[in-house]
Each structure stands twice: as structure tokens, then as C-alpha cells.
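Order of the sequence lines sets the chain letters (A, B, ...), proteins ahead of strands, with each chain counted from 1.
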Number of protein chains: 2
Amino acid sequence: MSPARRRVIPEATIARLPVYHRCLLQMQAEERSKASSEQLAEMAGVNAAKVRKDLSYFGSYGTRGVGYGVDHLLVEIRRELGLTHDWPCVIVGAGNLGSALAKFAGFSDRGFSVVAVVDIDPARVGEQVGELVIQHEERLAELVLEHAVVIGIITTPPAAAQEAADTLTQAGVRSILNFAPTVLDLPADVLVRDVDVAVELQILAFHEERRAAAKASATAAAKPATAKPAATKPATGKQVTAKRATAS
Amino acid sequence: MSPARRRVIPEATIARLPVYHRCLLQMQAEERSKASSEQLAEMAGVNAAKVRKDLSYFGSYGTRGVGYGVDHLLVEIRRELGLTHDWPCVIVGAGNLGSALAKFAGFSDRGFSVVAVVDIDPARVGEQVGELVIQHEERLAELVLEHAVVIGIITTPPAAAQEAADTLTQAGVRSILNFAPTVLDLPADVLVRDVDVAVELQILAFHEERRAAAKASATAAAKPATAKPAATKPATGKQVTAKRATAS
DNA sequence: CAGCGCTCGTTCACATGTTCACAAAGTCGC
DNA sequence: GCGACTTTGTGAACATGTGAACGAGCGCTG
């Protein structure tokens, strides 16, 4: 209840907010007006207590005995996430990924609009990508200022990423989504989120590798009669419990 | 040193291994034979103690007073991550993102080879994407078995993702990289990693929103003479590099 | 309008992850 | 060889995040 408490919101909670938001949108589309923490939890693939705690950080408006009002909660979350206004973004690097993101319309409905795409290759300048025309990377700083860009999306090869990030930062951008497989070195007040597909694949590979090793050693150890078939714990982290196989 | 200890490796450590791997590759390219935890930490953007602890989970392959042998460490990490052999992947959904990933060669050098791309749209079947030809999604299960696919990459629209995941799972795939903005409901032994660009953008937006709010309230509170100009703490002082966050 | 059942919000114990600090263990110069 | 110096490996404090349990408040019903 203390207003001071609401100031500090855990990172983990923040990362879940967009998921709740998505679930609530779906509920709204299904014309459901109320949602219990239990229902929301199942849809979001998390624990119900976590949902309640997450929402309580914002002084949330649930009704005991009833649940949360879908519309109301949506408004609250949308405001917290700043989805009420527009977020101009710029994409640096018009390769496969950059182009795909530029064409993809899935963000615009949440207020993220790509206002420019730049590339360093002069041969690509002028090319049409979605509704935009590729511009030269020289103009990056200029474009940032012109469109009041807030979020920079880096999809260059790793070698070019740092320079792109520096240019963005100097032009005033403080939020960067980095797809390049490099660690960017930037001032402390710049928030970087890394998305690296290769890293994700390697994490999956690690677990596969472990699984194979566990199975192999289990088979090897299976010569005594008392083998432990289910003893190899899956070591899931955030994994959903497969409690319901709602195939129907 | 106890062998039992090495069994349990924290998720967070696993997620950093690929980053270390990447840094070591770069060091190797620069002909450096030794790396201290300090150097590795700086390059990877983390704490030196964390590097040492992470690496120690796999055994002590450093030399006190000297550091880690780059080549040796690379071999160890590569083995842990299972990068010594090939990981056949399949991409479900040949939209913008799916196509971009299929064309992108950045994974193949780490053992991840895309062996097939499928799409549900008959009009797209037969189309060339990179070195592959798009096949119909009907053949998905068949292709998984044929190529012994281990990792499934879902790049379909959200509505189609669950079905794709089910098909993959029934065909024996236990590792899924999901780009679709949906929570997949799968058996507990299937490991899913979600990559959602919209979520990442919303997280950035949240922090931007907070920043703006902090600045606004600081300005509002500046009407008394004793305004605190540097009181809006973006991050605590000694932090030099940008605040870093990797996707889940 | 009182009791009852439902569900939120909060508290507490536990698990996971990070950072510090330092002894152990090695190298290098002499 | 020996002592000084460097850097690892790890135990222990600290911070963050999770999950279970439960009291408090709300609506429904008789």
C-alpha cells in the first residue's frame, strides 16, 4: 500500500508485463470481461501467485472474490508500458534480418513504428523495404534527430555494431535492441537488450547434449536390475507443467 | 572439486557460455593464447568473479597466476555446448523472419544447419530460400524423421504456432525455438525458448517511460531552490558499461 | 443482512543468482 | 631454489526471484 513500495519494480516482473498484456488482448477479443489470476497464469504459462504479485506492484485494481477487469487491467498495463503513445524506431542494417523486421507489421499496432532503415552499402540505398526506402548510414544521426527516434535496432554484422551503437548514442538514443552477436560497450545510462539467435540455439544444444549424456549413462548403469528410469530430472526452468493436454 | 557438484549447472551460467565462446573465438583470431578472467569478463561484459565461477562448474582448466588457455578453454566449452557435432534444425513458417533465418549463414559455422523450411501456404511451396526449397507443412513430421531433426524453429503467425509445436513434438523434437508471440503448451520434457521482439521493445519502452516520468517529476520538484540536478539516478556511479540484459 | 465461498494481496520461507574477499597454487626473476 | 607477484577457485554474504500459505475484502445467496 505504501506508495514508496511501488517505485521499485523487479526486472523479472517487467519482462512478464508484455506477456500479460498479450493474454489480456486475447481475452478481450474473446469478449471476456473478467480474468482471475489463475486464468491469466495459465494463459501466460506462469504461477498464479506470481501474477498477483506482479500486478500488485502497480497498485492493481483487482476485485477480491471476482478477479481482474480485463479492460481496466489492459489500460493500466498499457500505461505502465508506455503503449499509449508512439515509439519511433530506426533499424540499422538492412540485411536479411533488418529487412524482415522492417517489413513486419507486428509492432506497429503496439506503438512501435519503424521510421527509417539505414545501411552502409551504397548499392542498397534507395531500395524499397516494406513502406520505407533504405537510406545511407551516414544519415543515421540526422534521421534520429529528425524523427525523434527513441529506440535503435541494430541488425548489422557484428563488426559494424559498435559503431552503429555509438552513432545512435551520440544522437541521443538511450534504448537499443541489439541483434548483432557482440557485446556493445556504451555509457551506463544506455539500456541494451541483446537478442542472439545463435546463443539461443546453443542453449538448446547444451540441454540436448546433457539429455543425451544422461540417457547414455543411464543405459550404461542399467545393468543392475534397479535402474532409475525417471530419475533424470528435466531441469526445466520456467517450463509449464503439462497438467492439461487440452486437445479437445 | 567434488564430481557431484558439476552435475548441477545454473541456467544463468549456461546462458553465458555461448558468449564466452564467442569472445574466445575472437581472442583466437587475434592470436592470443592466454586469457585472464578479467580480460574475458571485460569482453563479455560481465563480472570477473562470475567468469571464474561459471568456468569452475566444468572443472578447473585455468592456471593460477596465468589465466586460461584460449585454445583449451574453447575446446572445453565447445564440448559442453555440444558444438562438436551437427544439429539439424527445421524452420516452420517461411515468412519474413523464417526466410531471413533460413538465408542467414551465421549458425552453420557453429554446427546448426537448417535442413528444411516448411510453410502452410501452397503458393510458397517450391520457392527457393537460400539453398533450400520451401516444402509443405504437411511433410513436417516426415522431414523431421528423415533428417533426424533435433531443433525446431517456429516462425509462424501466433495462431499457427501451437499446431506446429505439436507436430514437432509428436515427431520427437524436444527443443524448440519459438519466435511466435504465444505461450506454447507442451509436455514438460520439451524445452522451449521464446524470442519475442515485441516483448523486447516493450521492455525498452517501459524503461523509457520510467525515465521520462522520473525526469518530469524531477523538473516538477525543481521549483524549490534546492533542486537536485544529478539526483535522478540512472544507475549507480561506478558502472561504466551499459546496463545489459539478454532475452530470458 | 448475515453467512459463505471466492479470489486478491501480502507475508514468509526457500531457491537461485551475484559479488566479495581470500587462501591456494601456480609463474617469473634473480 | 626462493620469494614476490599474479590469478585462479571457492566459501560465504548479499541480492533477487519464486512458490506456498493465508488473512482480508468482496459479491452472492438465502
| request: Please check if the side chain of Arg193(A) supplies one atom and the backbone of Ile203(B) the other of a donor-acceptor pair under 3.5 Å. | output: no

| So does Asn47(B) get a side-chain nitrogen or oxygen closer than 4.0 Å to the phosphate oxygens (OP1/OP2) of dG17(C)? | no

| field | Asp185(A) and Gln162(A): side chain donor to acceptor below 3.5 Å | value | no

| request: With DNA chain C as reference, determine whether Gly65(A) or Ala49(A) sits nearer its 5' end, using the nearest nucleotide of each. | output: Gly65(A)

| message | In whole Å, I'd like the distance from the CD1 atom of Ile9(B) to the C1' atom of dT18(C). | response | 18 Å

| Heavy-atom closest pair, residues Leu186(A) and Ile176(A) | CD1-CD1, 3.8 Å

| said: Assuming nearest nucleotide by heavy-atom distance, tell me which of Pro10(A) and Thr63(A) is located more 5' along DNA chain D. | reply: Pro10(A)

| task | For Phe58(B) and dT10(D), give me the distance from atom CZ to atom C1', rounded to whole Å. | result | 16 Å

| Arg52(A), nearest nucleotide to its side chain (from dG11(D), dA21(D), dT11(C)) | dA21(D)

| Side-chain heavy-atom pair Trp87(A), His85(A) within 4.5 angstrom cut-off | yes

| query | How many Å lie between CG on Leu17(A) and P on dG17(D), as a whole number? | reply | 13 Å

| said: The side chain of Arg64(B) is closest to which nucleotide in this list: dT10(C), dC26(D), dG26(C)? | reply: dG26(C)

| message | From CD of Glu38(B) over to C1' of dT8(D), roughly how many Å is that when rounded to an integer? | response | 12 Å

| Ile14(A) CD1 - dG17(D) C1' separation (whole Å) | 13 Å

| Would one find a side-chain N or O of Ser37(B) under 4.0 angstrom from OP1 or OP2 of dT8(D)? | yes

| request: Ignoring backbone atoms, test whether Lys50(B) places a side-chain nitrogen or oxygen under 4.0 Å from the OP1 or OP2 oxygen of dT19(C). | output: yes

| request: Measure from the side chain of Ser36(B), starting at C-beta and using heavy atoms only, and say which of dC26(D), dG17(C), dT8(D) lies closest. | output: dT8(D)

| query | For Glu11(A), does the CD atom have more than 12 heavy-atom neighbours from other residues, nucleotides or ligands under 6.0 Å away? | reply | yes

| query | Roughly, in whole Å, what's the span from OH in Tyr61(A) to C1' in dG25(D)? | reply | 16 Å

| message | Heavy-atom nearest nucleotide on DNA chain C for Arg16(B) versus Tyr68(A): which residue maps closer to 5'? | response | Tyr68(A)

| query | Given atom OH of Tyr57(B) and atom C1' of dG17(C), what is their separation to the nearest angstrom? | reply | 8 Å

| query | Whole-Å distance between dA20(D) C1' and Lys53(A) NZ? | reply | 10 Å

